[in-house]
Amino acid sequence: MILATREISRLVRESLHAAQAAGKLPEFELEGIEARPSKRAEQGDYNVALMPFARPARMSPLQIAQIAVELMPPSDMVAKVEAAAPGYVNMFLSEDWLRAQVEAIYAENDDLYRLDLGQGKRAQVEFVSANPTAPLHIGRSRGAIVGDTMARLLEAAGYDVEREYYFNNAGAQMRNLGNSLKVRYLEALGQTVELSEEDLKTFYQGEYLRDFARELALEKGDAWINEDYHLFKAYAEQKMFEMIKATLDRVDIHHDNFFNENSLYENGAIWEVLEALDKRGYIYKASKSAVTDDQGDDENADGKGEATWFRSSDFGDSKDRVLVKSSGEPTYTLPDIAYHKNKLDRGFDLLINVLGADHYTQYQVVRAGIRALDLDASKINVIIVQLVAILRGGEVVRMSSRKGDFETLDDLIDQTSADAVRYMLLARSSDTHLNFDLDLAIKKSNENPVYYIQYAHVRCAGIFREAAARGVRVQNPDLRLLGDAELKFLRKVLELGEVIELSASTFEPHRIAFYALELANAFHPVFDNVRVLASDVDPAVAQARLYFFGAAQIVFRRVLRLMGMTAPEVM
RNA sequence: GCGCCCAUAGCUCAGUGGAUAGAGCAUUGGUCUUCGGAACCAACGGUCGGGGGUUCGAAUCCCUCUGGGCGCACCA
């Protein structure tokens with residue numbers, strides 16, 4: 001379907017252009033002409049503000065608007081154009097054109113409002129990216145939903161999208177995981193294992209490892225009893241990933257690529273990055289930072305010898321950062337920079353990184369690294385999601401990772417539903433804190449937006465069930481029989497294109513969630529007032545209305561799928 | 001101390017520099033001879049945290065203050 005704002009902007013631009021060619025307007029740049037959906041019916045369906053052109057034209061904005069109206073090219077989309085003070089062009093959509101959009105909805109169906117914004121360019125969204133040491137924590141869930149919805153919107157906008165998961169399966173944490181599983185394995189075989197204070201600090205205590213260990217004991221018996229952590233680590237990692245993927249699958253998230261941080265060690269990429277930075281003069285060796293930080297503390301220098309530092313302060317960072325510890329082991333920052341270089345090298349046109357607010361500083365350092373390597377940092381975009389608080393009975397639920405009934409994304413899904421999780425975590429701007437109200441999410445009432453939206457789809461499906469039962473089928477519907485209520489809903493449908501365009505270009509996927517609620521809000525009154533199968537409805541009118549509700553169902557299914565939610569036939 | 005985010009209706013929150021700031025919930029009052037009432041209609045409700053500035057025009061941009069949140073490791 002056509003993007004209404006784009007088309008109307010074009011009409012106004014052409015009319016002003018024609019005015020300039022005819023000498024009715026002086027020559028000046030026609031930039032920034034943007035149509036907006038109108039807020040008031042008496043001001044038309046779309047408005048274009050021409051006030052910015054008053055100065056270059058040296059005319060009153062109202063005069064410019066009048067000239068624009070006068071020279072407006074004809075369009076079957078537009079019924080009427082008016083100039084309004086102080087300088088607006090108000091457009092009224094043609095009702096015939098609006099009715100014809102019902103056909104367009106059927107034609108596009110599940111691809112409704114697929115745009116050409118991306119022009120087939122390659123985009124990559126990196127999200128979740130948790131290490132496979134534990135089930136997905138609730139803290140990751142918002143980024144997961146936001147990232148996947150962003151990917152869906154970019155696809156709708158015409159990008160070729162890849163979803164990527166970055167993880168680390170090397171290092172101390174994974175070794176700890178292997179050791180922890182071994183302990184549980186020995187326990188599963190009936191041995192008692194004494195753990196020192198020191199062991200407990202690094203021990204993964206989650207119940208999931210007991211489950212893995214029981215399976216392992218059944219599978220291998222005591223064959224692994226003398227193995228060190230390596231086999232256990234590999235086993236735990238594989239099980240962990242199965243678990244994480246299963247959790248993500250519950251909310252319909254599927255990554256195309258799992259990128260292993262360790263590969264950057266194996267192929268030497270991290271050392272190439274270090275060398276490149278060194279060549280450019282951004283590396284030095286020292287026992288402490290060459291830049292005194294604000295607190296002037298240098299306690300990290302104590303007896304540790306020389307580390308390898310990156311002059312990130314040259315790029316606006318508040319202090320320099322260590323890339324290689326005095327032990328010779330890289331910090332996570334070095335592979336992180338190498339990873340982002342790798343992403344750029346893979347030729348994506350657009351990169352999006354979904355990060356929790358607590359990782360923002362780290363991202364700044366990586367960005368500094370990319371700039372230091374003289375690579376195009378502008379291709380890397382970040383969606384920072386603020387923290388989530390879980391509320392029950394108006395109280396914040398503590399999300400302890402040690403104990404408690406509530407810590408994982410699975411818990412959240414269990415206690416509410418996959419659809420509720422997707423909607424609730426999406427329906428907030430990423431940069432505001434989010435309160436996830438458990439009581440609301442499970443409530444089966446009109447207070448719950450999840451049900452309100454899905455119910456619209458259910459009601460459409462209900463009409464068709466009833467129609468089928470009565471033997472009514474759509475044949476040659478006459479769209480002229482649609483009334484004002486239906487047209488009002490169709491006007492709202494038109495906004496879907498703008499929502500996709502805007503959310504894909506500003507990386508703000510939450511917009512689709514609010515739009516969905518508005519769409520449902522526009523739907524329910526129509527459903528209540530526009531009967532299809534009532535005895536007093538003329539059969540021809542019933543045909544047109546049935547056809548209309550079929551289109552409405554397509555729109556709801558499309559919107560729900562863009563949010564990764566199900567479109568139920570019954571509830 | 002420094003960096004980032006937030007402050008809009010009683011609550012939870014939308015709002016792309018454009019006309020009279022919106023929605024859901026809550027509250028109050030209505031609508032059922034029901035294709036699914038998990039619905040609809042109406043009313044009530046605002047110094048957009050305070051103060052400056054930029055602009056033809058500011059909730060939106062800039063500065064500042066206040067109040068919250070998150071970071072500021074030779075952890076990941």
Side-chain angles (χ1 to χ4, degrees), chain A residues 34 36 38-40 43 47-49 51-52 54-55 61 84-88 90 130-131 133 168 171-173 261 287-289 293-295 299-301 304-309 316-319 321-327 329-333 336 356-362 364 384 386-387 389 391 394 427-435 437 440 443-449 451-452 454-456 458-467 469-470 472 498 502 505-506 508 510-511 513-515 517-518 521 524-529 531-534 537 542 545-546 549 570-571:
Chain A
E34 280 182 55
R36 298 284 171 79
S38 166
K39 288 173 186 163
R40 277 161 237 286
Q43 292 168 347
N47 320 125
V48 180
M51 286 80 93
R55 194 185 297 263
Y88 291 96
N90 293 338
N131 286 337
T133 55
N168 176 7
Q173 293 309 312
E261 178 186 4
S287 59
K288 62 171 185 171
S289 172
D293 68 32
D294 307 313
Q295 296 171 11
E299 75 253 14
N300 32 9
K304 286 197 176 169
E306 294 205 317
T308 305
W309 295 77
D317 200 357
S318 59
K319 59 210 278 188
R321 309 282 169 171
V322 171
L323 294 186
V324 183
K325 303 179 210 170
S326 53
S327 66
E329 188 188 353
T331 62
Y332 57 92
T333 305
D336 223 356
D358 51 340
H359 284 63
Y360 183 72
T361 303
Q362 171 61 9
Q364 298 280 63
I384 301 288
Q386 299 295 322
L387 299 189
L391 298 183
R428 203 114 315 171
S429 165
S430 289
D431 46 30
T432 67
H433 302 265
L434 191 157
N435 293 325
D437 188 333
L440 179 60
K443 212 172 266 186
K444 297 194 173 184
S445 79
N446 55 358
E447 295 167 58
N448 188 341
Y451 286 90
Y452 187 77
Q454 289 182 321
Y455 187 49
V458 168
R459 289 178 114 182
C460 290
I463 297 178
F464 282 89
R465 266 197 307 277
E466 183 64 23
R470 299 189 194 185
V472 178
E498 271 88 45
L502 197 59
S505 55
T506 61
E508 295 175 332
H510 71 278
R511 292 174 181 280
F514 287 94
Y515 172 75
L517 191 59
E518 287 173 20
N521 208 12
H524 288 299
V526 185
F527 181 90
D528 269 24
N529 295 319
R531 304 267 111 189
V532 177
L533 302 170
V537 177
R545 290 178 177 177
L546 193 56
F549 280 112
V570 291
M571 278 163 63

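Below, chains carry the letters A, B, ... as their sequence lines are ordered, and counting in each starts from 1.
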- With A:Ala427, which residues qualify under side-chain contact (heavy atoms from CB on, under 4.5 Å), at least two apart? A:Tyr423, A:Ala513

- Message: Please determine whether a side-chain nitrogen or oxygen atom of A:Arg40 lies at a distance below 4.0 Å from atom OP1 or OP2 of B:rG22.
- Response: yes

- Is A:Gln43 touching bases, backbone alone, or none of the nucleic acid, heavy atoms closer than 4.0 Å? base

- Task: Select base, sugar-phosphate, or nothing to describe what A:Asn168 touches, counting heavy atoms under 4.0 Å on all strands.
- Result: sugar-phosphate

- Assign A:Asp317 to base, sugar-phosphate, or nothing according to its heavy-atom contacts below 4.0 angstrom with the strands shown. nothing

- Looking at the side chain of A:Thr432, which of B:rC74, B:rC72, B:rC6 is the nearest nucleotide? B:rC6

- Task: Would you indicate what A:Pro52 reaches in the nucleic acid, counting non-hydrogen atoms under 4.0 angstrom: base, sugar-phosphate, or nothing?
- Result: base

- Message: Distance criterion of 3.5 Å, no angle test: do you see the side chain of A:Arg36 paired donor-to-acceptor with the base of B:rU16?
- Response: yes

- B:rG37 and B:rU33: how far apart are their P atoms, nearest whole angstrom? 13 Å

- For B:rC13, does either OP1 or OP2 sit under 4.0 Å from a side-chain N or O belonging to A:Asn435? yes

- Taken in chain and number order and not counting sequence neighbours, the residues that satisfy side-chain contact (heavy atoms from CB on, under 4.5 Å) with A:Phe527 are A:Arg459, A:Ile463, A:Phe523, A:Arg531, A:Phe549

- Within the distance-only criterion (no hydrogens, no angle test), does the side chain of A:Ser326 pair as donor or acceptor with the backbone N or O of A:Ala307 below 3.5 angstrom? no

- Contacts of type salt bridge (Lys or Arg N to Asp or Glu O under 4.0 Å), residue A:Asp358, not counting sequence neighbours: none

- Task: Return no unless some side-chain N or O of A:His510 is found under 4.0 Å from OP1 or OP2 of B:rG15.
- Result: yes

- Query: Does one side chain, of A:Asn47 or A:Asn90, offer a donor that lies under 3.5 Å from an acceptor on the other?
  - Reply: yes

- With sequence neighbours excluded, tell me which residues meet ring-ring contact (aromatic ring centres under 6.0 Å, His included) with A:His524. A:Tyr452, A:Tyr455

Can you check nucleotides 68-71 of chain B for protein contacts, nitrogen or oxygen pairs under 3.5 Å, and list what you find?
from	atom 1	to	atom 2	distance (Å)
B:rG69	O2'	A:His433	ND1	3.4
B:rG71	O2'	A:Thr361	OG1	2.7

- Which ranges of RNA chain B pair up as stems, where a stem means three or more consecutive Watson-Crick or G-U pairs with both distances under 3.5 Å? B:1-7 with B:66-72, B:10-13 with B:22-25, B:27-31 with B:39-43, B:49-53 with B:61-65

- Item | Partners meeting salt bridge (Lys or Arg N to Asp or Glu O under 4.0 Å) with A:Asp437 (sequence neighbours left out) | none

- Are any of A:Tyr452's side-chain N or O atoms less than 4.0 Å away from OP1 or OP2 of B:rG37? no

- Residue pair A:Val322/A:Ser429 against RNA chain B: nearer the 5' end by closest nucleotide is A:Ser429

- Check every strand shown and say whether A:Val570 touches a base, only sugar-phosphate, or nothing at a heavy-atom separation below 4.0 Å. base

- For A:Pro52, enumerate each residue passing the side-chain contact (heavy atoms from CB on, under 4.5 Å) test, keeping only those at least two apart in sequence or located in another chain. none

- Tell me, please, which residues at least two apart from A:Arg465 pass side-chain contact (heavy atoms from CB on, under 4.5 Å). A:Ala461, A:Glu569, A:Val570

- Item | Distance between C1' atoms of B:rU8 and B:rG71 (Å, rounded) | 27 Å

- Can you sort out the partners of A:Glu261 under salt bridge (Lys or Arg N to Asp or Glu O under 4.0 Å), two or more places apart, ordered by chain and number? none

- Has the side chain of A:Ser326 got a donor or acceptor atom sitting under 3.5 Å from an opposite partner on the base of B:rC74? yes

- Task: Using a 4.0 Å heavy-atom cut-off across all strands, classify A:Ala85 as base, sugar-phosphate, or nothing.
- Result: base

- Identify, with sequence neighbours excluded, every residue that meets salt bridge (Lys or Arg N to Asp or Glu O under 4.0 Å) alongside A:Arg428. none

So which protein nitrogen or oxygen atoms get under 3.5 Å of nucleotides 32-35 of chain B's nitrogens or oxygens?
from	atom 1	to	atom 2	distance (Å)
B:rC35	OP1	A:Arg531	NH1	2.3
B:rC35	O2'	A:Gly462	O	3.2
B:rC35	O2	A:Val532	N	3.4
B:rC35	O2	A:Leu533	N	2.9
B:rC35	N3	A:Val532	N	3.2
B:rC35	N4	A:Phe527	O	2.7
B:rC35	N4	A:Val530	O	3.1

- Query: In terms of side-chain heavy atoms, does A:Gln364 have a donor or acceptor partner in A:Asp317 at a distance below 3.5 Å?
  - Reply: no

- With no angle test and no hydrogens, is the base of B:rA76 tied to the side chain of A:Tyr332 by a donor-acceptor pair under 3.5 Å? yes

- Message: Using a 4.0 Å heavy-atom cut-off, does A:Glu498 contact any base of the nucleic acid, only the sugar-phosphate backbone, or nothing at all?
- Response: nothing

